[in-house]
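What you see below is based on every heavy atom in this structure, not just the backbone, and it leaves out hydrogens, waters and symmetry mates.
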Amino acid sequence: MDKAGEQYWEKIWDQKSDIHKIDTNYYTYSLLHQLFKYYLEYNSQKSICEIGCAMSPYLLCFHDKFGYKINGFDYEKSSIIKTKQIYNEMGYEANIFYQDLFGNYEGEKFDILTSFGVFEHFENLENSIAHTKKYIKDNGIIITVIPNMNGIVGFLQKRFNKRVYDIHIPYTKDDLLKAHEKNGYSTLFCDYFGLYQFGVVNIDGIKNEDIVRKIFAIPGKLFYYFYKFSKLRLDSVYNSPYVIYIGKKI
């Protein structure tokens, strides 16, 4: 069971009307892009699929930067229609389809399988990761990104919007590592990643939302420029907004 539930996602996606393309020069996304570049290569013949792709900017970025053919699925039906329509209006050819991660699937398998903020909503992580294998080719790459709810991001999320915090499970990097390796993935990377990023915290609807965002975003930029000029690795369970696993299906 998804701790958030289909009605939650339907409400979230109903409030969004457009998809903003990712700027890989922006400090948080620049770090993610550098990480992905280390493990991925440009190849316009390869296909990528995102689990939970509703209103996703990531598929557009992977196509622009790596040439991958766009595929994605979600189990919230109205968001699928909206996402496909927006992609078409933006000039992207995309295969966006309805699919429950845990449902039967006998369709195309993909070279790269990604997810951004999906598996932290399910209580049996190992079983959830097991279902990814039917979507990915042998020797394909899986990229699993979840928010790090064990550090400052989780602390702020709990303080600003506990209801949202409660639909997340605070998985650690060890949890992510074990769940993938027990399902036959060979690990390329698994760690806490990135610098403090308040944008990961969901504060939608709180009083003075815009002001709060601007104030709490300031430390992230300071962290980034310190990192950029000092070259010190600042990723940690306390500071990093993400936990990321990259592996190969063997």
Take atom [atom1] in [X]; do more than 12 heavy atoms of anything else shown fall under 6.0 Å from it?
| X | atom1 | result |
| --- | --- | --- |
| K137 | NZ | yes |
| E123 | CD | no |
| K134 | NZ | yes |
| D18 | CG | yes |
| Y238 | OH | no |

For the residue pair [X] and [Y], establish whether any side-chain heavy-atom pair is separated by less than 4.5 Å.
| X | Y | result |
| --- | --- | --- |
| D191 | D235 | no |
| I203 | R213 | yes |
| M55 | K82 | yes |
| T114 | Y58 | no |
| I244 | I246 | yes |
| Y245 | I143 | no |
| H168 | Q157 | no |
| C61 | K21 | no |

When the ring planes of [X] and [Y] are compared, do they come out parallel, tilted or perpendicular, using 30° and 60° as the limits?
| X | Y | result |
| --- | --- | --- |
| F110 | F97 | parallel |
| Y135 | Y105 | tilted |
| F189 | F193 | perpendicular |
| Y68 | F62 | parallel |

State the [atom1]-[atom2] distance between [X] and [Y], to the nearest 0.5 angstrom.
| X | Y | atom1 | atom2 | result |
| --- | --- | --- | --- | --- |
| I136 | K248 | CD1 | NZ | 10.5 Å |
| F73 | D100 | CZ | CG | 8.5 Å |
| N95 | N71 | CG | CG | 4.5 Å |
| I48 | L59 | CD1 | CG | 6.0 Å |
| Y196 | F198 | OH | CZ | 5.5 Å |
| E76 | C53 | CD | SG | 11.0 Å |

Sequence neighbours excluded, which residues qualify as side chain to side chain contact (heavy atoms under 4.5 Å, CB included) partners of H63?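 Testing H63 for side chain to side chain contact (heavy atoms under 4.5 Å, CB included), a comparison that skips the adjacent residues, returns I70, Y92.
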For K158, which residues count as a side chain to side chain contact (heavy atoms under 4.5 Å, CB included) partner, sequence neighbours excluded?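 If we apply the side chain to side chain contact (heavy atoms under 4.5 Å, CB included) test to K158, skipping adjacent residues, the hits are K162, Y165.
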Can you give me the closest heavy-atom contact between [X] and [Y], atom names plus distance?
| X | Y | answer |
| --- | --- | --- |
| V200 | P241 | CG2-CB, 3.7 Å |
| L125 | A179 | CG-CB, 3.6 Å |
| L176 | C190 | CB-SG, 4.4 Å |
| N127 | N124 | N-OD1, 3.0 Å |
| I218 | K214 | CG1-O, 3.4 Å |
| L188 | I141 | CD1-CD1, 3.8 Å |

Taking [X] for its side chain and [Y] for its backbone only, find out whether a donor-acceptor pair lies under 3.5 Å.
| X | Y | value |
| --- | --- | --- |
| Q45 | G67 | no |
| N148 | Y192 | no |
| T83 | I80 | no |

Evaluate I19 against S56 for side-chain contact (heavy atoms from CB on, under 4.5 Å), listing each step before the verdict. CA-CA 7 Å; I19 299 173; S56 171; over 6 Å; no
Would you say [X] and [Y] are hydrophobically clustered, going by side-chain heavy atoms of ILVMFWY under 4.5 Å?
| X | Y | value |
| --- | --- | --- |
| I51 | Y98 | no |
| L32 | V201 | yes |
| Y242 | V164 | yes |
| I81 | I86 | no |
| Y171 | I167 | no |

For side chain to side chain donor-acceptor pair (under 3.5 Å), just list the numbers for S236 and N239, CA-CA rounded to whole Å, side-chain angles, deciding distance to a tenth of an Å, and then say yes or no. CA-CA 5 Å; S236 75; N239 175 66; 5.3 Å; no
Under 3.5 Å, is there a donor on one side chain and an acceptor on the other for [X] and [Y]?
| X | Y | answer |
| --- | --- | --- |
| E50 | S115 | no |
| H180 | T187 | no |
| S47 | D111 | yes |

Assess the pair Y42 and F66: is the distance between their ring centroids shorter than 6.0 Å? no
Would you check if the distance from the ring center of F122 to the ring center of F102 is below 6.0 Å? yes
Has K249 got its NZ or CZ under 6.0 Å from the middle of the six-membered ring of Y185, at an angle within 45 degrees of the ring axis?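 Negative - K249 is either too far from the ring of Y185 or too far off its axis.
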Stepwise side-chain contact (heavy atoms from CB on, under 4.5 Å) check, T28 with L195: CA-CA 7 Å; T28 299; L195 311 174; over 6 Å; no
Worked check of side-chain contact (heavy atoms from CB on, under 4.5 Å) between Y87 and L60: CA-CA 8 Å; Y87 281 0; L60 305 182; 3.6 Å; yes
Ion pair check, E93 and K69, cut-off under 4.0 Å: no
side-chain contact (heavy atoms from CB on, under 4.5 Å) between F119 and V145, intermediate numbers included: CA-CA 8 Å; F119 290 100; V145 181; over 6 Å; no
